[in-house]
There are 2 protein chains.
Amino acid sequence: METLPDKTVERLSQYRRSLNNQLAKGKEHIFSHEIANLLHITSVQVRRDIMLIGYSGTLRKGYDIKELVHLIGVILDTDQGQKIAVIGMGNIGKGFIHYLYEKRSKLKIVAAFDINPEKIDKTYADVYCYHLDKLEEIIQNENIKIGIITTPPLVAPEIANKLVNAGIKGILNYTPKPLSVPDDVYLEEYDMITSLEKVAYFVKEK
Amino acid sequence: METLPDKTVERLSQYRRSLNNQLAKGKEHIFSHEIANLLHITSVQVRRDIMLIGYSGTLRKGYDIKELVHLIGVILDTDQGQKIAVIGMGNIGKGFIHYLYEKRSKLKIVAAFDINPEKIDKTYADVYCYHLDKLEEIIQNENIKIGIITTPPLVAPEIANKLVNAGIKGILNYTPKPLSVPDDVYLEEYDMITSLEKVAYFVKEK
DNA sequence: TTTCTATTGTTAAAAAAATAACAATATTTT
DNA sequence: AAAATATTGTTATTTTTTTAACAATAGAAA
Ligand SMILES: NC(=O)c1ccc[n+]([C@@H]2O[C@H](COP(=O)([O-])OP(=O)(O)OC[C@H]3O[C@@H](n4cnc5c(N)ncnc54)[C@H](O)[C@@H]3O)[C@@H](O)[C@H]2O)c1
Ligand SMILES: NC(=O)c1ccc[n+]([C@@H]2O[C@H](COP(=O)([O-])OP(=O)(O)OC[C@H]3O[C@@H](n4cnc5c(N)ncnc54)[C@H](O)[C@@H]3O)[C@@H](O)[C@H]2O)c1
């Protein structure tokens, strides 16, 4: 399958989450407009996304939730699930680990790193926290491919470099410091202030 | 000025952050391609955004950083700055408060809410944490217009209702539970897992 | 059995966003 | 003083994303 549109990939992740919720409630089939309502989007968009991943529902029952969740998994997850490291075990880093732990996602955080002795050599929701010095060693031994940066902004570029050198292929940056990485490393950045200022702007405009 | 495109609003917030960094370094003028490099976007996009907000640079010096920052402020900020409440003082909620505190943004978090007695009646980076029961009272007295939800997902819809009833006009939802709000309330939702699964997908595709 | 209905899958159109193209021009160089 | 240069501002084009339109049809109702 050729690469899916950016936005479709984002939505697939959201579909899966909502679909799993529905499964848990005992629902087995679902219509496009029901999925749409759960996510506040249109049913056309849902059908289009599902078309793009090559799945078909039935005319009277809609989509088989289990099958759909499974297929989304095939697309989003790798075979063994991808391994992830978190660098910076502060509020955000810890929140992330607990969140993923609860979700039992295929994506596994397998190591955390910090420089504060109080954080190091402890376990947070089954994730062991190492000293930053061990970064390269652990990442290579464990074959970790994704890094999440939640350190103070100032050190983020230095961490990004270390991650790239250690062979990481994807970085999720939660610090407000924009990073530079080689072309073959996928970089996603997020800043809460941007979200917040966006809300503030549209509240003001209304 | 008619309403700016969604994406431009997001970028303005990012421009301002980077521009303030440059100001702090003593830089007074900046070219579109320099801003572009800081944010990993193209210079055309920068110029186009700046055009949209009606600012002009000079041909040989580029943009006056102070003026530009000021103008972005006029657009993104309200006169006295908007007041914000955070509901749920866990990892994410606390992280947010500390982050905004450091930034000294125009956007002010003026109240926090929780139900855990250990969290209540304490102050976090100058923000006082009240019991959830006080929500409506405080929001109305303080004229708070924006709410950030960082509670466990299960209670998020209930919190959203309370916020709407109290007169909130914008909600930033960090729980993975999709919310429904009236049309006149602006809703922004963010889920870290979506970002992470997106990174994982594109890492896998490369 | 035939008609009706609700829903899918898909193509077409529209809207939004990003990128390219380039004219205008202030400043520097020759 | 003329030519060269670098950069802006803006329009045009392309690409991406969303929305609309609708034919096809499984199953329910008549
Ligand atoms: N992106 C957002 O939306 C958002 C929101 C809030 C905070 N933040 C940012 O996220 C980051 C983390 O925020 P937080 O509230 O968790 O901060 P925090 O201060 O609670 O945690 C930072 C952690 O990084 C560790 N650290 C410091 N230097 C390090 C290094 N060189 N290597 C490894 N670890 C190191 C610290 O010991 C600490 O545990 C900050 O950059 C902050 O600005 C982002
Ligand atoms: N969106 C994301 O990217 C992301 C990442 C990690 C966690 N999360 C989500 O963010 C939320 C917060 O995560 P966290 O790690 O900070 O969780 P947390 O458990 O540390 O904090 C939750 C807080 O909410 C409080 N609370 C519980 N019920 C409440 C109620 N009815 N009213 C007010 N407060 C209440 C708790 O006392 C606690 O202080 C969760 O929904 C979690 O799933 C989101």
Side-chain angles (χ1 to χ4, degrees), chain A residues 1-15 19 22 27-65 67-68 71-72 75 183 186-189 194 198 201-202 205, chain B residues 1-15 19 22 27-65 67-68 71-72 183 187-189 194 198 201-202 205:
Chain A
M1 188 187 314
E2 75 252 41
T3 309
L4 295 167
D6 224 73
K7 292 298 164 77
T8 296
V9 172
E10 281 182 22
R11 281 190 298 265
L12 286 177
S13 167
Q14 293 162 0
Y15 294 159
L19 291 172
Q22 298 302 308
K27 209 168 154 72
E28 295 189 350
H29 294 85
I30 196 164
F31 295 122
S32 60
H33 64 262
E34 293 178 295
I35 301 181
N37 287 340
L38 292 170
L39 276 94
H40 315 310
I41 58 178
T42 68
S43 64
V44 196
Q45 193 151 62
V46 173
R47 290 204 298 282
R48 218 173 177 293
D49 287 335
I50 291 178
M51 186 191 81
L52 288 176
I53 65 173
Y55 182 68
S56 287
T58 60
L59 216 36
R60 218 58 184 203
K61 289 200 209 161
Y63 304 98
D64 181 302
I65 301 184
E67 281 178 20
L68 186 48
L71 182 57
I72 293 176
I75 289 162
D183 275 353
Y186 185 88
L187 174 65
E188 174 92 5
E189 310 199 275
T194 298
K198 193 174 164 192
Y201 174 78
F202 286 108
E205 285 304 307
Chain B
M1 187 187 314
E2 75 250 43
T3 309
L4 295 166
D6 224 74
K7 292 298 164 77
T8 296
V9 173
E10 281 181 23
R11 281 190 298 265
L12 285 177
S13 167
Q14 293 162 359
Y15 295 158
L19 291 172
Q22 297 303 307
K27 209 167 152 73
E28 295 190 351
H29 294 85
I30 197 164
F31 295 121
S32 60
H33 64 261
E34 292 178 297
I35 301 182
N37 286 341
L38 291 171
L39 277 92
H40 314 309
I41 58 178
T42 67
S43 64
V44 196
Q45 192 149 63
V46 172
R47 289 205 298 280
R48 219 173 175 293
D49 287 335
I50 291 177
M51 185 191 82
L52 288 175
I53 65 173
Y55 182 69
S56 288
T58 61
L59 215 37
R60 219 56 185 203
K61 289 200 208 160
Y63 305 99
D64 181 303
I65 301 183
E67 282 178 20
L68 186 49
L71 182 57
I72 293 176
D183 274 353
L187 174 65
E188 174 91 6
E189 310 199 275
T194 299
K198 194 174 163 193
Y201 175 79
F202 286 109
E205 286 303 308

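These values consider heavy atoms only, across backbone and side chains, with no hydrogens, waters or symmetry-generated copies. Lettering follows sequence order; numbering is per chain, from 1.
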Whole Å only: how far is the [atom1] atom of [X] from the [atom2] atom of [N]?
X      : N       : atom1 : atom2 : value
H40(B) : dA18(C) : NE2   : P     : 16 Å
I35(A) : dT8(C)  : CD1   : C1'   : 12 Å
D64(A) : dT7(C)  : CG    : P     : 17 Å
H29(A) : dG27(D) : NE2   : P     : 11 Å
K61(A) : dA26(D) : NZ    : C1'   : 11 Å
M51(B) : dT7(D)  : CE    : C1'   : 16 Å
H33(B) : dG9(D)  : NE2   : P     : 14 Å
L4(B)  : dA17(C) : CG    : C1'   : 14 Å

Measure from the side chain of [X], starting at C-beta and using heavy atoms only, and say which of [options] lies closest.
X      : options                  : value
Q45(A) : dT18(D), dT10(D), dG9(C) : dT18(D)
L59(B) : dA20(D), dT8(C), dA26(C) : dA26(C)
R48(B) : dT10(C), dT8(C), dT19(C) : dT19(C)
F31(B) : dT7(D), dT19(C), dT18(D) : dT7(D)

(Q) Minimum heavy-atom separation for L71(B) and I53(B), please, with both atom names. (A)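 Closest approach of L71(B) to I53(B), heavy atoms only: CD2-O, 3.7 Å.
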
Q. What nucleic acid atoms does S56(A) come within less than 4.0 Å of, heavy atoms only: base, sugar-phosphate, or nothing?
A. sugar-phosphate

Q.
Mind checking if T58(B) touches a base, just sugar-phosphate, or nothing, with heavy atoms under 4.0 Å?
A.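 Result for T58(B) = sugar-phosphate.
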
Q) Taking NZ, NE, NH1 and NH2 as the nitrogens, is one of them in K198(A) or D6(B) under 4.0 Å from a carboxylate oxygen of the other? A)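 Salt bridge present between K198(A) and D6(B).
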
Q) Are K27(B) and E34(B) within salt-bridge range, i.e. N to O under 4.0 Å? A) yes

Q.
Looking at L4(B), is its backbone amide N or carbonyl O close enough to the side chain of Y201(A) to form a donor-acceptor pair, meaning the two atoms are under 3.5 Å apart?
A.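 Such a contact is found between Y201(A) side chain and L4(B) backbone.
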
(Q) Could you check whether the side chain of R60(B) and the base of dT5(D) have a donor-acceptor pair of N or O atoms closer than 3.5 Å, going by distance alone? (A)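 Yes, a donor-acceptor pair under 3.5 Å.
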
Q. Is the phosphate of dT7(C), meaning OP1 or OP2, less than 4.0 Å from a side-chain N or O of S32(A)?
A. no

Q. Does OP1 or OP2 of dA18(C) have a side-chain N or O of T42(B) closer than 4.0 Å?
A. no

Q.
Which label fits Y186(A) and F202(B): parallel for a plane angle under 30°, tilted from 30 to 60°, or perpendicular past 60°?
A.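 Rings of Y186(A) and F202(B): parallel, under 30°.
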
Q. G57(B) or R11(A): which one's nearest nucleotide on DNA chain D is closer to the 5' end?
A.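 Looking at DNA chain D, the more 5' nearest nucleotide goes with G57(B).
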
